[in-house]
Amino acid sequence: MQQMLENVKVLDFSVTVAGSQAGGMLADFGADVIKIEKPDGGDPCRELSPFMKGVSLMHCFYNRGKQSVTLDLNNEKHREIVRKMAAEADVILESFQPGAMKAWGLDYAAVAGINPRVIYCSVTPFGQNGPYAQKQGNDLICQALSGIMSITGDPNSVPLKHGTPVSDLAGAENAYALIVGALAERLNSGKGQYIDVATMRMCIVLNSAIDQVNFNSYRNREGNHHPTLSPFGLFMGNGGGVIITALNAKLWNSLCNAIGKPELEEDPRFSTLASRVENRQLVAGVIEDWLKTFDNLQDAIDLIDKAGVPCCQVYTAKDVVTDPHYTSPEVGWFTYVEAPESLKKQGVQKLFTHNTNAKFYQNPGEVKQAPDLGEHNIQVLKRYGMNEEEIKQLLH
């Protein structure tokens with residue numbers, strides 16, 4: 001089956017989670033992604049835990065479906081080969097500090113001079129311009145300086161980082177979408193363009209509290225409850241908690257009946273959304289008193305669910321990967337992928353992982369095997385006029 005991005009040639013120089021994941025997504029949908037890695041160690045994603053028999057599973061996911069070629073960008077002979085590759089590329093993806101690619105003669109201006117159709121995407125924490133362009137950054141820096149941490153956590157405690165690298169993953173999704181958009185635009189103009197993706201910018205986009213600047217009012221941490229909806233949060237019972245989101249009058253009335261408190265519908269403390277928000281601690285107390293009458297919280301969830309009120313338990317990662325909806329073949333949110341050759345030699349044939357990020361019915365995409373470092377040196381470099389002996393001399 002032909003994939004959507006088949007025949008799209010990508011050179012991926014990324015050395016971060018955001019850039020590497022964006023390249024992996026392009027590979028999922030058929031792009032020919034060549035990962036250019038430094039000979040000594042390769043992409044730092046290869047050093048991220050957890051490890052299986054010495055191989056990073058983070059690398060296996062973020063660099064899935066790519067071909068690994070080891071070239072030293074500090075070596076002019078190696079850069080000559082890279083320029084040949086860049087001349088034929090549809091997309092170049094890089095995540096070095098601003099100015100690094102220019103120092104190597106591989107920045108957008110240099111590449112566009114030999115390949116005006118190239119889509120060139122740089123992924124950095126703060127972007128290519130401005131006072132912070134050269135500032136060192138990472139996901140935690142982005143979470144802090146975007147304000148996301150200031151609204152995450154308990155109101156009586158310290159700011160809290162998110163449990164997943166939100167800026168890296170949001171930046172990757174953004175880079176992927178913008179590259180595909182630029183490829184579509186090129187169909188009309190015939191021209192490539194430069195894309196500047198800042199992971200910090202994506203964190204700021206994700207910070208829903210920014211809009212409050214219009215009111216000269218800034219939201220603080222609300223813990224596990226919503227600042228403008230009630231009941232909308234985590235409510236504790238015996239041995240755990242339940243997420244309940246009765247976010248409008250109809251759902252509130254349904255919840256009142258489900259918990260055996262229909263009189264609360266007309267109680268002036270709870271009869272409007274504004275009054276429920278103002279008295280959300282009282283609302284939480286009523287719900288939690290009811291939840292504590294259950295030895296098994298699933299029985300309470302079943303009653304609320306039957307009433308049509310959105311609710312659920314809080315899953316662990318183990319719960320997620322064993323949920324019958326997520327793992328069912330017709331849904332297909334998880335898959336098994338071929339393990340890298342280095343793991344196969346140690347007896348590991350398949351790895352369980354996320355599937356593609358969306359479901360396309362005509363061109364579904366496929367998560368593929370991650371490469372070992374330099375695995376495709378000979379295979380790829382032969383395409384650029386070199387024989388096997390020349391390749392060995394170049395790389396040694």
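What you see is a predicted model; the values in this text were computed from it and never measured.
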Under 3.5 Å donor-acceptor pairs involving side-chain atoms of residues 147-154, not counting sequence neighbours:
unit_1, atom_1, unit_2, atom_2, d
S150, OG, G147, O, 2.6
T152, OG1, I148, O, 2.8
D154, OD2, N156, N, 2.8

Do the charged groups of E390 and K382 touch, with an N to O distance under 4.0 Å? no
Assess the residue pair K35 and S20 against the criterion (side chain to side chain donor-acceptor pair (under 3.5 Å)); give the C-alpha distance rounded to whole Å, side-chain angles, the decisive distance to 0.1 Å, and a yes or no. CA-CA 9 Å; K35 179 87 174 185; S20 295; 2.9 Å; yes
What is the distance from atom CD1 of I92 to atom CG of L11, rounded to the nearest 0.5 Å? 5.5 Å
Residue that, paired with T335, satisfies side-chain contact (heavy atoms from CB on, under 4.5 Å) out of N355, L351, T356: N355
Side-chain donor-acceptor pair present, K66, N63, cut-off under 3.5 Å: yes
Counting the benzene-type ring for Trp, do W104 and F96 have ring centres under 6.0 Å apart? yes
Looking at OG1 of T199 and CD1 of I141, how far apart are the two atoms once the value is rounded to the nearest 0.5 Å? 10.5 Å
To the nearest 0.5 Å, atom CD of E94 lies from atom CG of L106 at 9.5 Å
In a table with atom names and distances, give each donor-acceptor pair under 3.5 Å that connects a side chain of residues 158-170 to protein atoms at least two apart or in another chain.
unit_1, atom_1, unit_2, atom_2, d
H162, ND1, T164, N, 3.2
S167, OG, D139, OD1, 2.7

Please determine whether residues Y62 and M52 belong to a single hydrophobic cluster, defined as Ile, Leu, Val, Met, Phe, Trp and Tyr linked transitively by side-chain heavy-atom distances below 4.5 Å. no
Kindly compute the distance separating CZ (F126) from CD (Q134), expressed to the nearest 0.5 Å. 11.5 Å
With rounding to the nearest 0.5 angstrom, report the CG to CD distance, N138 to Q143. 9.5 Å
Hydrophobic cluster membership, with links at side-chain heavy-atom distances under 4.5 Å among I/L/V/M/F/W/Y: are V337 and V55 in one? yes
Would you say that more than 12 heavy atoms from the other residues, nucleotides or ligands in this model lie under 6.0 Å from the CD of Q281, or not? no
Pair D72 + R79: basic N to acidic O under 4.0 Å: no
Can we say E185 and K191 salt-bridge, meaning some charged N sits less than 4.0 Å from an Asp/Glu carboxylate O? no
Per-pair distances, 0.1 Å, donor-acceptor, side chain in residues 368-378, under 3.5 Å, sequence neighbours excluded:
unit_1, atom_1, unit_2, atom_2, d
K368, NZ, A27, O, 2.7
K368, NZ, E366, O, 3.2
Q369, NE2, A339, O, 2.7
Q369, NE2, E341, OE2, 2.9
D372, OD1, S342, OG, 2.6
D372, OD2, S342, N, 2.8
E375, OE1, D372, N, 2.8
H376, ND1, S68, N, 3.0
N377, OD1, T70, N, 2.8
N377, OD1, T70, OG1, 3.4
N377, ND2, T70, OG1, 2.9
N377, ND2, G374, O, 3.4

Would you say I179 and Y194 are hydrophobically clustered, going by side-chain heavy atoms of ILVMFWY under 4.5 Å? no
Run the salt-bridge test on E88 and R383 with the 4.0 Å N-O cut-off and return the result as yes or no. no
So how far is it from M58 CE to R46 CZ, rounded to the nearest 0.5 Å? 14.0 Å
Apply the ring pair (Phe, Tyr, Trp, His ring centres under 6.0 Å) test between F352 and each candidate in F334, W333, F61; give the one that qualifies. F334
Among Q21, H354, E338, whose side-chain contact (heavy atoms from CB on, under 4.5 Å) with R64 holds? Q21
Would you say V197 and L145 are hydrophobically clustered, going by side-chain heavy atoms of ILVMFWY under 4.5 Å? no
Check this for me, if you would: do R269 and D267 make a salt bridge, where the nitrogen-to-carboxylate-oxygen distance has to be below 4.0 angstrom? yes
Path from Y326 to V321 over hydrophobic side-chain contacts below 4.5 Å: yes
Check: T316/D319 side-chain N/O donor and acceptor closer than 3.5 Å: yes
So, are E80 and K84 salt-bridged, with charged N and O less than 4.0 Å apart? no
Given R117 and D90, is the salt bridge (charged side-chain N to carboxylate O under 4.0 Å, His left out) satisfied, shown in steps? CA-CA 7 Å; R117 287 173 53 82; D90 294 291; 5.1 Å; no
State whether a side-chain donor-acceptor pair under 3.5 Å links Y108 with S122. no
